[in-house]
> 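I'd like to ask some things about the structure below.
All chains are named by letter (A, B, ...) in the order of the sequence lines, taking the proteins before the strands, and each is independently numbered beginning at 1.
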Number of protein chains: 2
Amino acid sequence: MSGLAREDYLADIYRLQCENPHDPVSTGSVADRRGVTAASATAMFKRLARDHLIVYRNYGGVSLTPEGQDLALGVLRRHRLVERFLADVLHIPWQQVDTYADQMEHALPDEVVDRMEVLLENPYTCPHGYPIPDKHGHFAQPDLILLRDLSVGEQVRVARVNERVPGLLRYVEDLGLMPGSLLRVSARNPVDLNVTIETEGRAHILGLRVSEAIWVERLESRG
Amino acid sequence: MSGLAREDYLADIYRLQCENPHDPVSTGSVADRRGVTAASATAMFKRLARDHLIVYRNYGGVSLTPEGQDLALGVLRRHRLVERFLADVLHIPWQQVDTYADQMEHALPDEVVDRMEVLLENPYTCPHGYPIPDKHGHFAQPDLILLRDLSVGEQVRVARVNERVPGLLRYVEDLGLMPGSLLRVSARNPVDLNVTIETEGRAHILGLRVSEAIWVERLESRG
DNA sequence: CAAGCGTTTTAGACACGCTTAAAACTCTTT
DNA sequence: AAAGAGTTTTAAGCGTGTCTAAAACGCTTG
């Protein structure tokens with residue numbers, strides 16, 4: 001009845017769609033993300049398409065139907081609320097909450113998720129800065145820029161850190177660049193694309209792998 | 001790899017074993033408890049026996065191996081800690097926590113369960129009074145008596161209420177007979193087996209269905 | 001435009017977990 | 001001891017979700 005893996009596929013399709021909104025999501029990218037073979041992804045696509053949760057054309061990738069997107073947003077809501085819960089209530093390090101939330105998110109009754117939301121006082125992002133959809137699938141979409149794309153001298157606040165880049169969370173924590181941290185771009189190297197930033201009085205040189213995994217928001221300018 | 005339903009079967013076999021420690025657990029009783037057909041239970045028994053988690057003889061019922069019992073106790077631990085968590089932290093009514101915990105218990109990583117235990121300050125019973133095994137499967141086994149078996153005049157404390165008797169939790173709550181409540185047996189009817197009790201100044205007549213679903217402990221008598 | 005490479009789909013297989021229907025067994029009852 | 005009732009097991013089938021190996025496709029390159 002329920003279908004356990006289905007929702008995971010839908011959520012991953014949604015995430016991939018967001019990362020690259022222009023083209024449809026390829027079989028291989030979903031298979032990679034889920035850690036299964038392309039053949040398995042194809043088989044799942046057929047089931048999801050049969051149930052009108054995705055649109056699937058042979059050799060042409062997939063996209064979510066409105067119905068599929070609703071389900072995907074529900075999974076993301078559960079996932080990110082659970083992450084917040086694990087971090088804020090159970091004090092589990094933020095490096096681990098994504099993995100744990102992946103395991104837990106399917107089994108949680110709606111009422112439990114809703115009560116967690118109340119307990120947490122309606123957070124609107126997960127600990128890594130991704131938005132938490134409300135019960136109707138709505139969520140804030142603030143104007144964020146990749147750290148990679150900043151100019152020298154800009155002062156910004158860290159808003160989001162990609163939780164699926166191996167080792168990044170640990171690294172970012174050591175540097176004091178968690179969501180909410182303030183930083184200033186003090187230099188850019190146009191050849192190797194390194195970015196030098198200053199935060200809490202210390203300077204750090206960030207490579208491309210890092211600077212394109214961190215989103216920031218410009219500080220409100222007055223006047 | 002993991003096997004989702006397997007653990008449910010093991011836990012239910014354990015529960016049934018406790019209810020009737022003398023004979024082995026029958027196929028039908030497990031099937032009833034799990035809400036599946038006897039054929040399904042038989043099929044699962046073969047898988048569990050193949051993996052040395054139960055001992056299974058054709059037409060002869062099943063019993064847990066030490067390994068199977070360890071797993072079963074782990075499930076019970078998770079189940080009852082989650083119940084406590086749902087009741088105490090998320091304030092979900094105790095009538096519902098058993099159902100929700102059933103859904104959640106498989107998906108919870110050990111670390112999450114352990115942190116819940118710390119947050120709850122190491123409770124040793126679930127909200128209905130069943131003991132919570134520790135990480136090694138050990139748990140307190142206090143001397144409890146069925147309310148059914150009390151004599152007139154005895155003063156006792158409610159210790160445990162069977163959470164799987166339909167409607168009982170609601171009924172018991174209305175009567176003020178939650179675990180911890182004190183009561184005195186004021187009469188017994190030897191024909192219809194009704195028991196009359198007094199609690200908080202009010203008297204109630206309890207039928208057999210109720211009196212054999214509530215365990216009590218005798219109050220410490222001072223020497 | 002054809003060759004070739006990488007991606008995707010098909011084909012065939014398997015484990016899990018469930019079903020119904022029929023056969024086998026056990027136990028009680030006469 | 002045979003009959004019958006109730007329980008349990010077998011048999012056959014279905015959906016999910018995965019795999020490997022082989023075939024089909026599509027795109028880039030010579």
> For B:Asp88, what residues pass the side chain to side chain donor-acceptor pair (under 3.5 Å) criterion, not counting sequence neighbours?
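In terms of side chain to side chain donor-acceptor pair (under 3.5 Å), with neighbours along the sequence ignored, B:Asp88 is linked to B:Arg84.
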> Quick check: does any side chain N or O of B:Thr65 sit under 3.5 Å from a backbone N or O of B:Leu53, one acting as donor and the other as acceptor?
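Indeed, once roles are kept as given, a pair shorter than 3.5 Å links the two residues.
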> Could you tell me which residues satisfy salt bridge (Lys or Arg N to Asp or Glu O under 4.0 Å) with A:Glu111, sequence neighbours excluded, listed by chain and number?
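By the salt bridge (Lys or Arg N to Asp or Glu O under 4.0 Å) rule, A:Glu111 matches A:Arg115.
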> Under the side-chain contact (heavy atoms from CB on, under 4.5 Å) test, which residues partner A:Ala11, sequence neighbours left out?
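A:Ala11 satisfies side-chain contact (heavy atoms from CB on, under 4.5 Å) with A:Arg15, A:Val75, A:Leu76 only.
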> Quick one: side chains of residues 31-41 of chain A, donor-acceptor pairs under 3.5 Å with protein atoms, not counting sequence neighbours, listed by atom name and distance.
residue : atom : partner : partner atom : Å
A:Arg33 : NH2  : A:Glu19 : OE2          : 2.6
A:Arg34 : NH1  : A:Asp12 : OD2          : 2.8
A:Thr37 : OG1  : A:Ser40 : N            : 3.3
A:Thr37 : OG1  : A:Ser40 : OG           : 3.0

> Mind checking what makes side chain to side chain donor-acceptor pair (under 3.5 Å) contact with A:Arg80, not counting sequence neighbours?
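Per chain and number, A:Arg80 pairs via side chain to side chain donor-acceptor pair (under 3.5 Å) with no residue.
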> Base, backbone or nothing for each nucleotide of nucleotides 2-10 of chain C, written B, S, -, heavy atoms under 4.0 angstrom, 5' to 3'?
------BBB
> Go through the structure and list residues passing side chain to side chain donor-acceptor pair (under 3.5 Å) with B:Asp192, not counting sequence neighbours.
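Side chain to side chain donor-acceptor pair (under 3.5 Å) list for B:Asp192, sorted by chain: B:Asn189, B:Asn194.
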> Applying a 4.0 Å non-hydrogen cut-off, can you work out what A:Arg34 is touching in the nucleic acid: base, sugar-phosphate, or nothing?
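Nothing, no nucleic acid heavy atom in range.
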> When the nearest nucleotide of DNA chain C is assigned to B:Asp51 and to B:Gly35 on a heavy-atom basis, which residue is associated with the more 5' position?
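Closest to the 5' end, via its nearest nucleotide, is B:Asp51.
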> Which residues satisfy the side chain to side chain donor-acceptor pair (under 3.5 Å) test with B:Asp51, sequence neighbours excluded?
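With neighbours one apart ignored, the set is B:Arg6.
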> At a heavy-atom distance below 4.0 Å, which nucleotide of DNA chain D is the first touched by chain A, and which is the last?
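Terminal contacting nucleotides, 5' to 3': D:dT16 to D:dC25.
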> So does B:Arg47 get a side-chain nitrogen or oxygen closer than 4.0 Å to the phosphate oxygens (OP1/OP2) of C:dG17?
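Yes, such a contact exists.
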